[in-house]
Amino acid sequence: MPTKKIAIPQEIYQLKVPLLDTRPPIWRRLLVPAGLTLEQLHDVLQVAMGWDDSHLHHFRIGQKRFGKPDPNDRLMDLPAVGNERTMHLFTVLGKVGAKAVYTYDFGDSWEHAIAVEKVLPPGPGVPYPICVGGKLQGPPEDCGGIPGYYNLLEAIRDPAHDEHEEMLDWIGGDFDPEAFSVDDVNQRLTLLQRRPPKG
């Protein structure tokens, strides 16, 4: 029996993605195709935040979780995880105001809120996904989550701090939390971009 083909809408979703519990907020505003899968959105978020995709992640949308299904979950009596490879944004975040939580690195627990701000027509010849706004550099990987990140900032800013030299050495000698550039993010996103079909 032939499988039914799903019509994928051509709309573009404007997403606001703040990293929760950061003050001032670290955030990104992204334009992504409605037809992206959650797995592809994960790739976009990794690039936008400056992460290197070396940890586990999942999405929480309402009461459901989506990620990479693990057969061991059933053995350990954990709730089933929806497959992020087959779940398109338009099916789970298909309207303005739709929300999700994206958690990256279950140890450091970087939680990002995702909200659909607008549903837009694609711009002629514009490759998506693109970043159109944001503030502050994403925290470095493996720094200990939100508390560890703010401890790191305190240590590298204060030469009298007990961990000043150690943290500077760990971070590679330089880290500017203010550094953020839409152009830099978009340069890194070029590998994930595709142009919408004409017409």
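Because only heavy atoms are used, hydrogens play no part in the values below, and waters and symmetry mates are left out as well, while side chains stay in.
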**Request:** Go through the steps to decide whether H55 and Y104 satisfy the test ring-ring contact (aromatic ring centres under 6.0 Å, His included), and finish with yes or no.
**Result:** CA-CA 7 Å; H55 298 283; Y104 172 63; 5.7 Å; yes
**Prompt:** Do L15 and V32 pass the side chain to side chain contact (heavy atoms under 4.5 Å, CB included) test, and can you show the C-alpha distance, the side-chain angles, and the key distance before you say yes or no?
**Reply:** CA-CA 8 Å; L15 306 179; V32 302; 3.7 Å; yes
**Request:** Decide side chain to side chain contact (heavy atoms under 4.5 Å, CB included) for L89 and L41; before the verdict, give the C-alpha distance in whole Å, the side-chain angles of both, and the deciding distance to 0.1 Å.
**Result:** CA-CA 8 Å; L89 296 191; L41 179 60; 3.8 Å; yes
**Request:** Might you work through the side chain to side chain contact (heavy atoms under 4.5 Å, CB included) test for L20 and I146, ending with a clear yes or no?
**Result:** CA-CA 9 Å; L20 297 178; I146 297 294; over 6 Å; no
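Between Q193 and N186, the shortest heavy-atom contact is NE2-O, 4.3 Å. Here the shortest heavy-atom pairing between V47 and V185 reads CG1-O, 4.0 Å. When all heavy atoms are compared, the tightest approach of N83 to F66 is N-CD2, 4.4 Å. Of all heavy-atom pairs between F175 and I171, the closest is CB-CG1, 3.5 Å. Counting all heavy atoms, side chain and backbone alike, L93 lies closest to A100 at CD2-CB, 4.1 Å. Nearest heavy-atom pair across K99 and A115 is CG-CB, 4.4 Å.
Shown here are the side-chain hydrogen bond (donor to acceptor under 3.5 Å, both in side chains) partners of T190, two or more places apart in sequence or in another chain: there are none. For F59, the ring-ring contact (aromatic ring centres under 6.0 Å, His included) partners are Y102, not counting sequence neighbours. In this structure D43 satisfies the side-chain hydrogen bond (donor to acceptor under 3.5 Å, both in side chains) test with no other residue, sequence neighbours excluded.
H57 and E84 are linked by a side-chain donor-acceptor pair at a separation below 3.5 angstrom, with hydrogens and angles left out of the test. N151 and E163 share a donor-acceptor pair across their side chains, judged by distance under 3.5 Å alone. Side-chain N/O atoms of D183 and S181 include no donor and acceptor closer than 3.5 Å.
Contact of the Y150 side chain with the P177 side chain is not registered, since no non-hydrogen atoms from C-beta on lie closer than 4.5 Å. Counting only heavy atoms from C-beta outward, the side chains of W27 and L19 never approach each other to under 4.5 Å. Within the 4.5 Å cutoff, the side chain of V132 has no heavy atoms near those of the V182 side chain. Within the 4.5 Å cutoff, side-chain heavy atoms of I8 are placed close to those of H88. No side-chain heavy atom of D169 sits under 4.5 Å from any side-chain heavy atom of E165.
The backbone N or O of A155 lies less than 3.5 Å from a partner atom in the side chain of H164, making a donor-acceptor pair. A donor-acceptor contact shorter than 3.5 Å links the side chain of Q46 to the backbone of D53. Checked by atom type and distance alone, the side chain of E141 pairs as donor or acceptor with a backbone atom of D52 at under 3.5 Å. With D108 contributing its side chain and W110 its backbone, the two residues share no donor-acceptor pair below 3.5 Å. Using modelled atom types, one side-chain atom of R28 and one backbone atom of A48 make a donor-acceptor pair closer than 3.5 Å. Here the side chain of S109 pairs no donor or acceptor atom with the backbone of F106 at under 3.5 angstrom.
Applying the 6.0 Å contact sphere to CD of E117 captures more than 12 heavy atoms from other residues, nucleotides or ligands. The environment of R188 atom CZ is dense: over 12 non-hydrogen atoms of other residues, nucleotides or ligands sit within 6.0 angstrom.
Looking at K135 and E178, no side-chain N of the basic residue comes within less than 4.0 Å of a carboxylate O on the acidic one, giving no salt bridge.
Clustering ILVMFWY residues whenever any of their side-chain heavy atoms sit less than 4.5 angstrom apart, transitively, puts F90 in the very cluster that holds V119.
If you run side chain to side chain contact (heavy atoms under 4.5 Å, CB included) between I61 and each of L38, I114, V101, only L38 comes through.
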